[in-house]
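See below for the structure under consideration.
This is a predicted model, so every value here is computed, not measured. Chain identifiers are assigned alphabetically (A, B, ...) following the order of the sequence lines, protein sequences preceding nucleic acid strands; residue numbering begins at 1 within each chain.
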Amino acid sequence: MAIIRVPKPPKSAYNPKRRPGTLLQHQLIHLEWAARSAAQRKPHLAKQWKPAKTEAEAARRIAALTEHVHRHAAAAAAGYATPTETRRPTKKRQAVRRTRAGRSKG
Amino acid sequence: MAAGLDRLRHLVVLMMENRSFDHMLGALKATDVRIDGLDGTQSNKDTTGAVVPVQPLAEFQGQLDPDPDHDFAAVDLQIFDGDSSPNRTATMNGFVKSYFAQRRDVKHARKIMYYFTPDRLPVLTTLATEFAVFNAWFASIPGPTPCNRAFAHYGTSFGHVGADVFYPNAQLKSIYQRFVDRGRTAKIYYYDTPSSTLEVVNLLQHQPQLFGTFSQFLADCGAGTLPDYAFVEPNYSDHDGDTGEVLASDQHPDHHVQEGERFIAAVYNAIRQQPALWETTALLIVYDEHGGIFDHVPPPACRADGFVAQPDATGTGRPFLFDRLGVRVPAVLVSPWIERGTVVPGDRVFEHASIPATATSFFLQTWDERSPREKAAQTFLDLLTRGVMRDDAPEFDLE
């Protein structure tokens, strides 16, 4: 049988600035949910997410979250604490902790 | 056992995105009347009452923007044309009205009736005519992607008709877990990390070892290390990759359809170009759902799945018992053991639960804890009927 040539789309087909459809946005929600620690997986928190504005942004976030989920699973399989659980507290949270510690001492 | 089944070692499933049967393959009826496609008489009415016939004017990109609605309530309108009476009939007359609701533009809404001619889709239409094309493969439910893809992985969506996060019931294991439990091999290949997978919360979260990338799929084909069962996902976004610009290949509107053609050809070539693999592999190319695009065949009723989606989830004001299939989608089975020009007749109804049903039946023989829908689903490997392998399979040159 003859070989069938399959043409390339034009360069103009590439548009990473395209607004992501609902499929990509839902993929992001699912990944953000999966990347959370078990304690953070609450239904009301699933609604607190930031939609991606472009496909490129969605792809960047999806890549980071996918790598996180893989690392998390690898750490869990190896018996280590997961990246989510060992995250350093923010400066604001550290300050709150110091204040609370000071009060309890008083 | 037929010679092809005797040699079969691998089942590969490539699931594309959001195109209806008539949109992609309907024009094949002109060259083969056995194919239940379009003859130009099919139509819908628009919101002015004008008749809108199907037309061969589909474009690769830029035509279906915004993305046609395919949530449960929208698909219900597309199928039943707004009829909510108890004994309503599926007419497939509500597609233009549904698309009109998104942009309030009558002229634009008519584009939902457009379809491709075969010369525009040389890969999919060649494979359909050279191997086996299914006249009656339907999405599992009249709704969006995640719940339909769940049927391919689990044989059920566990009562979900939307895109929300959900967890499966522990008794009904994924097809991958069934293979692992029986000492067999199975893998999901997503395109790359920025594209990732649509099966996130259950499988990626808990069993990342089941996943690989498309480059690994190509390597596994070349090295003879393809698992017994492989599920391939296309690229879902335009993004920068290691080799430069990477185009979405899923064919989801408004991604370029030709890039999806190239991806289908790449999967086919990876198998076709390895003689040992070609002889021992069946490749199913199927779309997850119709994406809101016109098809003329009413989805049939089916075995209820044992779950109920409540009215707030369906958005129709009525519950759904998972007792009717979604809109028809393209499905093509490829193997050198299939007779050229096989057309699977419409009285054999398939849906995505047919995928785990077939993989289970062939590789595992039995598995009791499966959904009612999967237990009732048709399997498709009986299409490998030839006693002698074909040597005339097409080849694709990716420019």
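In Asp242(B), the CG atom is not crowded: 12 or fewer heavy atoms of neighbouring residues, nucleotides or ligands sit closer than 6.0 Å.
Proximity to chain A (any heavy atom under 4.5 Å) is shown, for Phe166(B), by neither the backbone nor the side chain. For Leu24(A), the part lying near chain B is the side chain, with the backbone staying farther off; criterion is any non-hydrogen pair under 4.5 Å. Heavy atoms of Asp240(B) lying under 4.5 Å from chain A belong to its backbone as well as its side chain. With a 4.5 angstrom heavy-atom cutoff, Val246(B) touches chain A only via backbone atoms. With a 4.5 Å cut-off on non-hydrogen atoms, Gln207(B) does not touch chain A at all. Interface remark: Ser195(B) contributes backbone atoms only to the contact with chain A (heavy atom separation under 4.5 Å).
The residue among His26(A), Glu57(A), Glu55(A), Arg61(A) with the most heavy atom pairs within less than 4.5 Å of chain B is Glu55(A). Put simply, of Leu204(B), Thr145(B), Asp254(B), Asp250(B), the one with the most heavy-atom pairs under 4.5 Å next to chain A is Leu204(B). Annotation: maximal heavy-atom pairing with chain A below 4.5 Å, among Glu245(B), Gln209(B), His252(B), His256(B), occurs at Glu245(B). Contacts with chain B were tallied for Ala73(A), Ala64(A), Ala13(A); Ala13(A) has the most, counting heavy-atom pairs under 4.5 Å. Chosen from Gly21(A), Ala59(A), Ala58(A), the residue pairing most often with chain B at heavy-atom distances under 4.5 Å is Ala59(A). No other option in Asp192(B), Thr197(B), Asp67(B), Asp65(B) has as many heavy-atom pairs under 4.5 Å with chain A as Thr197(B). When each of Pro20(A), Pro7(A), Ala56(A) is scored by its heavy-atom pairs under 4.5 Å with chain B, the top score falls to Pro7(A).
For the pair Arg272(B) and Trp278(B), the cation sits on the ring face: its NZ or CZ lies under 6.0 Å from the ring centre, inside 45° of the axis. Geometrically, Arg5(A) does not engage Phe396(B) in a cation-pi contact, judged by NZ or CZ lying under 6.0 Å from the ring centre and within 45° of the ring axis. Annotation: cation-pi pair Arg19(B)/Phe116(B) absent, no NZ/CZ under 6.0 Å from the ring centroid and within 45° of its normal.
Under the 3.5 Å distance criterion, with hydrogens and angles disregarded, no donor-acceptor pair is assigned to the side chains of His30(A) and Glu199(B). The closest side-chain donor-acceptor pair between Asn18(B) and His70(B) falls under 3.5 angstrom.
Evaluation of the side-chain contact (heavy atoms from CB on, under 4.5 Å) rule for Arg19(A) yields no partner, not counting sequence neighbours.
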Practice prompt. Quick one: do Glu17(B) and Arg149(B) satisfy salt bridge (charged side-chain N to carboxylate O under 4.0 Å, His left out)? Show the steps, please.
Written response: CA-CA 10 Å; Glu17(B) 276 286 315; Arg149(B) 284 182 176 258; 3.0 Å; yes
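At least one side-chain heavy atom of Ile188(B) sits under 4.5 Å from a side-chain heavy atom of His153(B).
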